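In what follows, a structure is listed as structure tokens, so that the remarks can point back to it.
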Amino acid sequence: MTRRLFDEDAYLFTFSAVVERCRETPDGFAVLLDGTAFFPQGGGQCADGGTLSGLPVRDVRQEGDEIWHFVPQALPVGQTVQGAVGREERLARMRKHSAEHIVCGLIHRAYGFSNVGFHLGSEDVTLDIDGELDRPAVDGIERQANAAVRADLPVTARYPAPAELRGMTYRGKGPADGAVRIVTIGDVDACACCAPHVARTGEIGAIKLLEAIRYKGGMRIHLQAGADAT
């Protein structure tokens, strides 16, 4: 099992780790560390970029409980390497992902619609909900979302014990095996999520809801946050 350092500290951008395995792949080498601050690709979010002892990290993927880093050269097993996560890209993604939680939480609370799709891309964030909203409703959600940003609410992430989890109300995609990480944003939202988030909503800066279109019986909303929302 790879220690998920990004779970322990979302603002950890440099770290040391020991190479446990290294295997050749058609595109270079896959490296397994005993711990990592690199968030792997998954759940609609791309992997973090950065370097391992100066080598560019081309991709990061989770396979079971292991997180593999794809680099152009082999790294010796047993060697301690220095990892550096791309700071600005990580922070931008944290702001946008936390913004998506706020928006989806507000929509769920006001209209009962669930988030059924999410993609944090290079251009914007798309979120899919299983119901339709008209433009005035979307604009109202945007105003409430920015009010939550201005309120500078705390954002916490933790793994509740199974007994506690069973008594909690949170957004998620149904029962999950093993530990479930719950991200809570003030009184606005609680959602099962494995990604890094900001510590307080004020760090998001601003949220802008762009195009909102009908999509697969529901709606797809395009979102921007932070500097990209201004």
Side-chain angles (χ1 to χ4, degrees), residues 6 10 39-49 59-60 85-153 155 157 170-174 181 183-230:
F6 54 83
F39 181 74
Q41 176 183 351
Q45 183 165 325
C46 296
D48 285 329
D59 198 5
V60 187
V85 176
R87 178 187 179 91
E88 294 309 313
E89 184 177 54
R90 160 69 77 78
L91 288 172
R93 288 175 177 172
M94 287 164 56
R95 288 189 285 266
K96 291 178 181 181
H97 202 146
S98 296
E100 181 265 342
H101 275 228
I102 291 172
V103 170
C104 288
L106 289 169
I107 290 173
H108 187 264
R109 184 171 67 182
Y111 301 100
F113 300 152
S114 295
N115 175 288
V116 292
F118 164 72
H119 178 69
L120 201 169
S122 58
E123 295 184 0
D124 63 10
V125 179
T126 58
L127 59 98
D128 300 334
I129 58 174
D130 60 1
E132 293 187 24
L133 301 176
D134 59 20
R135 189 67 221 188
V138 172
D139 291 342
I141 291 294
E142 180 184 284
R143 287 192 295 272
Q144 293 178 57
N146 281 290
V149 170
R150 292 191 298 273
D152 197 27
L153 303 172
V155 182
Y170 63 92
R171 293 189 300 113
K173 293 182 171 61
R181 183 172 179 265
V183 175
T184 302
I185 301 179
D187 60 353
V188 172
D189 188 46
C191 181
C193 181
C194 60
H197 286 265
V198 298
R200 303 194 69 89
T201 59
E203 297 174 44
I204 297 170
I207 297 173
K208 184 68 176 175
L209 301 186
L210 307 169
E211 187 179 27
I213 60 175
R214 289 179 175 175
Y215 182 75
K216 294 185 176 180
M219 176 166 283
R220 169 164 287 180
I221 299 173
H222 292 258
L223 174 154
Q224 278 290 13
D228 291 331
T230 58

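For the numbers below, each heavy atom of this structure counts, side chains included, while hydrogens, waters and symmetry mates do not. From a predicted model like this one, the values you see are computed outputs, not experimental measurements.
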Inset, instruction - Verify salt bridge (Lys or Arg N to Asp or Glu O under 4.0 Å) between D128 and K216, making sure each step is shown before the conclusion. - result: CA-CA 9 Å; D128 300 334; K216 294 185 176 180; over 6 Å; no
Inset, instruction - Would you check, one step at a time, whether the test salt bridge (Lys or Arg N to Asp or Glu O under 4.0 Å) holds for K208 with D228? - result: CA-CA 9 Å; K208 184 68 176 175; D228 291 331; over 6 Å; no
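Just one of L223, I129, V188, V125 meets the side-chain contact (heavy atoms from CB on, under 4.5 Å) condition when paired with V103; it is L223. Of the candidates I185, I204, T184, V155 forms a side-chain contact (heavy atoms from CB on, under 4.5 Å) with just one, namely I185.
In the model, H222 has no side-chain atom that pairs as donor or acceptor with a side-chain atom of T126 under 3.5 Å.
With respect to the salt-bridge test (charged N to carboxylate O, under 4.0 angstrom), the residues R95 and E203 do not qualify. Under a 4.0 Å N-O distance rule, the pair R93/E89 qualifies as a salt bridge.
In terms of heavy atoms, A148 sits closest to T201 at O-OG1, 2.8 Å. Between F6 and P40, the shortest heavy-atom contact is CZ-CD, 3.7 Å. When all heavy atoms of G202 and D152 are compared, the closest pair comes out as N-OD1, 3.0 Å.
Here the CG-CD1 distance, from L106 to I207, works out to 8.0 Å after rounding to the nearest 0.5 Å.
Listed by first then second residue, pairs satisfying ring-ring contact (aromatic ring centres under 6.0 Å, His included) with a partner in residues 108-130 read H97-F118, not counting sequence neighbours. The side-chain hydrogen bond (donor to acceptor under 3.5 Å, both in side chains) pairs that include a residue from residues 136-151 are R135-D139, where partners are two or more places apart or lie in different chains.
By the 4.5 Å heavy-atom criterion applied to side chains, I141 and L209 are counted as neighbours. V183 has its side chain within reach of H101: a pair of non-hydrogen atoms, C-beta onward, lies under 4.5 Å apart.
Annotation: side-chain hydrogen bond (donor to acceptor under 3.5 Å, both in side chains) contacts of R87 (sequence neighbours excluded): none.
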